[in-house]
Amino acid sequence: MPLDAAGRQSFELRWERYSPQIRAALTHLYPGREREVEERLCALLLAAFKARSPELRRLDEERLLRPDWLQLPEMIGYVCYADRFAGNLAGIADRVDYLTDLGVRYLHVMPFLRPREGANDGGYAVQDYRSVRPDLGTMDDLEELATVLRENRISLEMDLVLNHVAKEHEWAQRARDGEQKYRDYFLMFPDRTVPDEYEKTLPEIFPDFAPGNFTWDDEAAAWVWTTFNDYQWDLNWANPDVLCEFVDLICWLANKGVEVFRLDAIAFTWKRLGTTSQNQPEVHDLTQAMRACLRIAAPAVAFKAEAIVAPEDLMAYLGRGEHYGLVSDMAYHNELMVQLWNCVATGEADMAQAALAAMPSKPPSATWATYVRCHDDIGWAISDADAAAVGVSGFDHRAFLSDFYSGEFPGSFARGLVFQANPATGDRRISGSCASLAGLEIALERNDGEGIDAAIARINLMHAVMFGYGGVPLLYMGDEIGLLNDMDYARDPAHAEDNRWAHRPFMDWDLVDKLPDEPLHPARRINEGIRHLIDVRVRTPQLHASIPSDVVESPDSRLLILERLHPLGTLVEVYNFSNQTVRLHHGVLTYRLGYSARELIGNNSYDLRPATIDIAPYQPAWFVRR
């Protein structure tokens with residue numbers, strides 16, 4: 001489609017604005033070839049720009065005028081598997097009223113591109129990036145879903161696996177067939193000499209069922225780099241052909257209506273001998289190049305980094321130094337999620353206070369993705385330094401959390417499953433739904449009314465922190481109605497060896513339909529609590545994600561206290577993680593709010609002249625000046 005004068009001008013202005021970012025990144029990545037690669041990218045972007053629909057071009061203009069669209073308090077995220085939520089992509093479109101009624105403005109549909117048959121790492125072993133898993137629909141269904149969501153002001157997010165492809169992918173097949181161009185897309189070695197050198201410093205991701213990082217392939221007659229599983233072949237991003245392939249692919253998917261790309265396994269994309277081959281500087285050059293390309297071809301699109309890494313490495317994914325503000329728009333706040341479960345297990349918030357206070361500041365233009373649970377296991381990312389700050393051993397505390405959430409610790413209310421135990425390191429990750437880990441499953445089995453109340457209060461409390469911390473809060477499908485572990489996963493041969501499927505249940509629509517008639521049902525109580533938090537959040541401007549949550553030193557170890565210094569007024573958040581009433585000295589609030597305050601969640605006014613204010617067990621409270 002030829003461009004009119006206005007379209008040509010728009011493309012040229014965007015190229016002029018963002019091509020220096022592309023050029024700078026290419027200079028670091030492919031010295032000596034940067035001009036050639038830049039010309040290739042320009043041609044790809046022009047073709048994608050021409051192919052973009054009028055509706056999506058309008059969205060581009062809206063986002064250019066409202067670049068903080070991801071940071072608004074109204075951005076409420078929801079995460080689901082298409083088949084487990086509604087059968088397929090068309091089924092999600094049919095359920096859009098449920099999402100809009102809940103307040104969702106951002107929908108992450110878990111992997112739906114066509115994976116390899118058989119074991120496929122939950123869909124992350126992609127065989128074809130340009131087709132949908134057959135049982136979920138077609139690319140036409142994806143485009144229709146994106147359209148329906150967009151009409152309802154919901155942005156569609158999808159997973160884009162960057163580090164690897166399935167060994168059945170066309171590129172891998174052609175590499176096996178001996179085409180040198182495609183062999184250069186991968187990291188292939190004729191013997192163990194080089195792999196053994198790399199292995200000296202590489203960790204094992206799945207030691208139980210995928211030990212080592214290289215796999216021998218008879219057809220290719222080579223050792224192939226396979227970080228995750230033997231059927232997932234790592235790509236060679238040092239080859240600019242791989243970058244060009246992915247820029248073309250992302251533009252194509254963006255033109256289908258995808259608005260957010262979750263950059264899966266991004267930390268692993270660049271390899272370097274003598275390192276862990278994670279978090280290498282070139283990873284951020286790659287992201288900068290791809291993001292600048294999308295700012296030209298489809299500026300309505302955002303990137304989310306799937307970087308579950310240490311805090312000292314995480315900020316680089318949101319932009320630091322020369323990449324400040326130029327890489328991913330969003331990243332997961334894994335530290336917050338881990339500390340939430342730590343606080344719930346211990347009834348103490350002092351470690352969370354220390355860990356969150358030590359987090360480096362993110363760029364104001366970047367956004368956290370906050371969450372209580374996700375599709376993955378929980379790895380106990382409690383650093384030795386954070387543990388030492390409160391006088392405990394990091395190794396022992398991580399072991400305690402594994403024991404507690406697997407139900408092995410005396411008095412534990414949790415019912416979880418150990419995932420990928422590593423005797424060498426003591427690492428024992430945990431699978432389990434939010435409700436089961438928070439104590440609802442055991443309380444229901446025992447018909448324990450007080451236990452049910454406590455579990456619901458914990459669920460509500462953790463979600464309040466998620467909604468109040470700042471960023472895009474991600475509700476994981478079923479948590480809004482307290483779905484429990486689904487132990488039927490073990491009956492499915494494709495899932496039996498991976499107990500993470502226990503917390504990936506099918507949506508219980510029968511239960512949803514019953515909620516209006518069941519006012520005392522735990523699912524109804526959880527649902528009402530979450531809906532209320534969403535309603536309060538969207539009316540609270542202080543929760544704009546450009547404003548950081550600063551940790552306030554708490555006078556009581558059971559309380560986590562945060563403040564957000566917004567131009568419209570300070571918001572003070574107080575969270576009691578214990579099952580006891582805590583008397584908070586009024587100075588924490590009066591210093592910031594004066595002697596008259598309003599608490600938003602309970603919609604109560606407070607005279608703060610008395611010396612203390614009571615914070616009830618498991619109570620979340622958001623205070624502003626009255």
Drop me the distance from I76's CD1 to F467's CZ, to the nearest 0.5 angstrom. 5.5 Å
NZ/NE/NH1/NH2 to OD/OE distance under 4.0 Å, E170 and R174: yes
Specify whether F228 and H164 have parallel, tilted or perpendicular ring planes, treating 30° as the upper limit for parallel and 60° as the lower limit for perpendicular. tilted
May I ask you to check whether Y371 and Y332 place their ring centers less than 6.0 Å from one another? yes
State whether the side chain of N213 and the backbone N or O of W225 hold a donor-acceptor pair below 3.5 Å, judged by distance alone. no
Closest approach of L474 to V79 (non-hydrogen atoms, all atoms of both residues): CB-CG2, 4.0 Å
What pair of heavy atoms forms the shortest contact from V338 to A381, and how long is it? CG1-N, 3.9 Å
Close side-chain approach of P115 to R133, heavy-atom, < 4.5 Å: yes
Where do T287 and T269 land on the side-chain contact (heavy atoms from CB on, under 4.5 Å) test, with the steps shown first? CA-CA 10 Å; T287 312; T269 49; over 6 Å; no
Salt-bridge test for R320 and D313: reply yes if a basic N is under 4.0 Å from a carboxylate O, no otherwise. no
Ion pair present between D60 and R58, side-chain N to carboxylate O less than 4.0 angstrom? no
Any non-hydrogen side-chain atom of W380 less than 4.5 Å from a side-chain atom of I430? yes
Do L29 and W237 have side chains that get closer than 4.5 Å, going by heavy atoms? no
For a 4.5 angstrom cut-off between non-hydrogen side-chain atoms, does V372 reach W341? yes
Is the F189 ring parallel, tilted or perpendicular to the Y198 ring (thresholds 30°, 60°)? tilted
Is the backbone of V465 close enough, under 3.5 Å, to the side chain of E573 for a donor and an acceptor to pair up by distance? no
N342-H397 side chain donor-acceptor pair, cut-off 3.5 Å: yes
Do the side-chain N and O atoms of Y317 and N279 include a donor-acceptor pair separated by under 3.5 angstrom? yes
Is there a donor-acceptor pair under 3.5 Å between the side chain of R8 and the backbone N or O of L3? no
d(L326 CG, L318 CG) to nearest 0.5 Å is 12.0 Å
Rounded to the nearest 0.5 Å, what separation is found between the CG atom of N334 and the CD1 atom of I378? 9.5 Å
Any donor and acceptor pair, going by atom type alone, linking the side chain of E55 with main-chain N or O of G257 inside 3.5 Å? no
Looking only at non-hydrogen atoms, find the nearest pair between P364 and Y324 and report the distance. CD-OH, 3.0 Å
Hey, what's the ring geometry for Y30 with W270, parallel, tilted or perpendicular (30° and 60° as the breaks)? tilted
I want to check something: taking the side chain as every heavy atom from C-beta on, are M477 and M110 in contact at a cut-off of under 4.5 Å? no
R564 side-chain N/O to I547 backbone N/O, donor-acceptor pair under 3.5 Å: yes
Is there a donor-acceptor pair under 3.5 Å between the side chain of S277 and the backbone N or O of K271? no
Where the side chain of Y129 meets the backbone of V161, is there a donor-acceptor pair that is under 3.5 Å apart? yes
For the backbone of Y469 and the side chain of S549, can you confirm whether one donor and one acceptor N or O come within less than 3.5 Å of each other? yes
Take atom CD of E553 as the centre, draw a 6.0 Å sphere, and report whether it contains more than 12 heavy atoms from other residues, nucleotides or ligands. no
Could you walk me through whether D241 and Y182 pass the side-chain hydrogen bond (donor to acceptor under 3.5 Å, both in side chains) test, one step at a time? CA-CA 9 Å; D241 289 351; Y182 291 99; over 6 Å; no
Tell me if the CZ atom of R130 is crowded by more than 12 foreign heavy atoms within 6.0 Å. yes
Parallel, tilted or perpendicular: which fits the ring planes of H333 and W368, with parallel below 30° and perpendicular above 60°? tilted
The test is side-chain contact (heavy atoms from CB on, under 4.5 Å); show your working for T570 and L565 and say whether it passes. CA-CA 5 Å; T570 297; L565 304 176; 3.5 Å; yes
Regarding D121 and R116, does a basic nitrogen lie under 4.0 Å from an acidic carboxylate oxygen? no
Any heavy-atom pair between the side chains of E245 and L235 that's under 4.5 Å? no
Minimum side-chain heavy-atom gap H375-Y81 below 4.5 Å: yes
Do you know the tightest heavy-atom contact between L543 and G468? CD2-O, 3.2 Å
Can you give me the closest heavy-atom contact between A305 and S328, atom names plus distance? CB-OG, 3.5 Å
Quick test of your reading of the model: are E61 and R14 salt-bridged, counting only N-O distances below 4.0 Å? yes
Under 3.5 Å, side chain of H108 to main-chain N/O of G77, donor-acceptor pair present? no
Reported CG-to-CD distance for the pair L253 and E143, which is rounded to 0.5 angstrom: 10.5 Å
With rounding to the nearest 0.5 angstrom, report the CG to OG distance, D550 to S361. 7.5 Å
Only one of K304, R295, R63 passes salt bridge (Lys or Arg N to Asp or Glu O under 4.0 Å) with D329; say which it is. R295
N/O donor-acceptor pair under 3.5 Å between R537 side chain and P73 backbone: yes
Residue pair D386, E335: steps toward the side-chain contact (heavy atoms from CB on, under 4.5 Å) verdict: CA-CA 11 Å; D386 290 339; E335 183 80 27; 3.5 Å; yes
Measure the SG-CZ distance between C251 and R52 for me, rounded to the nearest 0.5 Å. 8.5 Å
How close do N236 and V242 get, heavy atom to heavy atom, and via which atoms? O-CG2, 3.4 Å
Trace of the side-chain contact (heavy atoms from CB on, under 4.5 Å) decision for L113 with M139: CA-CA 9 Å; L113 297 180; M139 273 294 165; 3.8 Å; yes
Over 12 non-hydrogen atoms of neighbours within 6.0 angstrom of CZ in R272: yes
Check whether any side-chain heavy atom of N255 lies under 4.5 Å from a side-chain heavy atom of S53, and answer yes or no. no
